[in-house]
Undergrad: 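Next up is a structure, given as structure tokens.
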Amino acid sequence: MIEQVSNPPYEIEELGEPDQLFYHIPKGIFKTKNNYEDIPPHAFTPVGETLSVNWEKYCHTPQECLNIKTDRYPQGRSTKTHGVGHFIVKEVNAIPALRAMHAPTSYNRAHSVLAGFPDKKLFRPPYNELRVKLRTIFKWDIPPADE
Amino acid sequence: MFIFVWNNKKIVMKIIKLSPEQYNAFSNTISEPQISYGKQGLYNPGILDHFLQSFKDYLSNQYKEMDFSDRNDPYNNIIILDKTPQVEITYTFDNIQINLPEDLKGLAETLKQAEEILTLEENWDDRGGRPVSRATFASMAQFLIEYSLKIYHNKMSVEIDLPNIYPSLEGSIDLDWNKTDYVLLINIAEQGDKASFYGEIRSTGQSVSGLFNPKNFNFEFLPQL
């Protein structure tokens, strides 16, 4: 368990249209093809119904985004395990059914989500469409490091 | 290879790799069509004469396409006039053994390379991902081969686009055609009896999506690359 910083609840803010939202992709996604320019659609499958990202206003650089400590990564992530890139808010919101929203937690003010995925994703449109469109607008900042 | 495609209302002809030697050989082969079959394995002999005359005209540059809508033939006949036997390659996986035209050698290689996804372990994606089972892979391979063969025969082309094959959510498999001018993503479920797809033409944004059973699908309802 990482040490939870005791912050007062952060106010939910409006994301700026040109703002960047940083997104981690685990290196394991690329296990069968080590080509980081050809990103498998599964990289854009959320664990739940929303895809977690970090807003550049409070997580200023891709490296800072990698360094965020979580329960799973108490020392932060590194390029040995992850790459990080970004979406632009305006481009996310241009995708039908998808909406970028600020969703701060008590220990991560930058936390934001891309909402609009179906609950049980397989065979529920627009799951495939969202994965395809997110891949199109995603841009690498720091790809995973080669071994 | 000389090929006629009868597509119910129109005949579209293509000549692949027509060398001078093949041109000369044509006179020897045209009177003896070697293979003829249709969608239901049927063949309407009455059409053959029409085809043969059409092909002669084609070689004389009389026309490139011919409308047969008045013939109302239901069989989607394909008539191959070449005597040269088709070279075939075989793709094998577990109890699957499928012969493919040599033109689809790349498909067999893609499938063989994709077998690497069977080595993935639990949590391969760092998000609790399940391994891909051999049964799921077999279902995917059978679908992809059948789909590719239909595209191959439909296009009458020696080349077809090949997908990347990726492991995906809950033991499913993604077939991903991420091409310059279009994208097509097909997800095949772990049980192999359900699939969903999304396709888009990049230049226009025209898109199509849907669900189907990979073990019993209607080709006309899927994107035809």
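Order of the sequence lines fixes the chain letters, A, B, ..., with proteins taken first and strands second; residue numbering starts at 1 for each chain.
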Undergrad: How about CZ on B:Phe219, more than 12 heavy atoms from neighbouring residues, nucleotides or ligands closer than 6.0 Å, or not?
TA: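 Yes, enclosed.
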Undergrad: From A:His42 NE2 over to B:Ile173 CD1, what is the distance, rounded to the nearest 0.5 angstrom?
TA: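 Those atoms lie 12.5 Å apart.
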Undergrad: Side chain, backbone, both or neither: which part of B:Gln113 has an atom under 4.5 Å from a heavy atom of chain A?
TA: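 Contact with chain A is absent: no heavy atom of B:Gln113 under 4.5 Å.
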Undergrad: Could you measure the distance from the CZ atom of A:Arg131 to the CG atom of B:Asp174? Nearest 0.5 Å is fine.
TA: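 Answer for the CZ-CG pair, A:Arg131 versus B:Asp174, is 4.0 Å.
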Undergrad: In terms of heavy-atom pairs under 4.5 Å with chain B, which of A:Ile25, A:Thr136, A:Asp38 leads?
TA: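 Ranked by heavy-atom pairs under 4.5 Å with chain B, first place is A:Asp38.
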Undergrad: Tell me, do A:Ile39 and B:Tyr166 make a side-chain contact under 4.5 Å, heavy atoms counted?
TA: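 The answer is no; the side chains never approach within 4.5 Å.
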Undergrad: Side chain, backbone, both or neither: which part of B:Ile186 has a heavy atom under 4.5 Å from chain A?
TA: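 Looking at B:Ile186, nothing touches chain A.
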Undergrad: Against chain A, label B:Asp126 side chain, backbone, both or neither, depending on which of its atoms sit under 4.5 Å from a heavy atom there.
TA: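 Both the backbone and the side chain of B:Asp126 come within 4.5 Å of chain A.
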Undergrad: Is the closest side-chain heavy-atom distance between A:Tyr127 and B:Leu169 below 4.5 Å?
TA: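 Yes, side chains in contact.
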Undergrad: Just verifying a value: how many Å separate B:Glu200 CD and A:Asn128 CG, rounded to the nearest 0.5 Å?
TA: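 Separation between the atoms: 12.5 Å.
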Undergrad: In terms of heavy-atom pairs under 4.5 Å, which option from B:Ser207, B:Ser172, B:Ala195 contacts chain A the most?
TA: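 Winner by heavy-atom pair count: B:Ala195.
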Undergrad: Take atom NZ of B:Lys105 as the centre, draw a 6.0 Å sphere, and report whether it contains more than 12 heavy atoms from other residues, nucleotides or ligands.
TA: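 For B:Lys105, atom NZ is not crowded (no more than 12 foreign heavy atoms under 6.0 Å).
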Undergrad: With respect to chain A, which residue among B:Val183, B:Leu211, B:Asn164 yields the maximal number of heavy-atom pairs within a distance under 4.5 Å?
TA: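 Greatest number of close heavy-atom pairs with chain A: B:Asn164.
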Undergrad: Check whether B:Arg127 reaches the backbone of A:Pro46 with its side chain - one donor and one acceptor, N or O, closer than 3.5 Å.
TA: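 No: the side chain of B:Arg127 does not pair with the backbone of A:Pro46.
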Undergrad: I'd like to know whether B:Asp125 forms a side-chain contact (heavy atoms from CB on, under 4.5 Å) with A:Phe30, so could you lay out the CA-CA distance, the side-chain angles of the two residues, the decisive distance to 0.1 Å, and finally the verdict.
TA: CA-CA 8 Å; B:Asp125 60 353; A:Phe30 299 90; over 6 Å; no
Undergrad: Select one option (side chain, backbone, both, neither) describing which atoms of A:Thr81 are under 4.5 Å from chain B's heavy atoms.
TA: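 Neither; nothing under 4.5 Å.
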Undergrad: By a 4.5 Å heavy-atom criterion (distance strictly below it), what part of A:Arg124 contacts chain B: side chain, backbone, both, or neither?
TA: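 Contact with chain B: none, neither part.
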Undergrad: Decide side-chain contact (heavy atoms from CB on, under 4.5 Å) for A:Lys133 and B:Tyr198; before the verdict, give the C-alpha distance in whole Å, the side-chain angles of both, and the deciding distance to 0.1 Å.
TA: CA-CA 10 Å; A:Lys133 289 186 181 298; B:Tyr198 174 79; 3.4 Å; yes
Undergrad: For atom NZ of B:Lys112, decide whether the heavy atoms of other residues, nucleotides or ligands shown that lie under 6.0 angstrom number more than 12.
TA: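 Yes, the 6.0 Å shell around NZ holds more than 12 heavy atoms from other groups.
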Undergrad: Grab the two heavy atoms, one from B:Trp124 and one from A:Lys31, that are nearest each other, plus how far apart they are.
TA: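 Shortest heavy-atom separation between B:Trp124 and A:Lys31 comes out as O-NZ, 3.5 Å.
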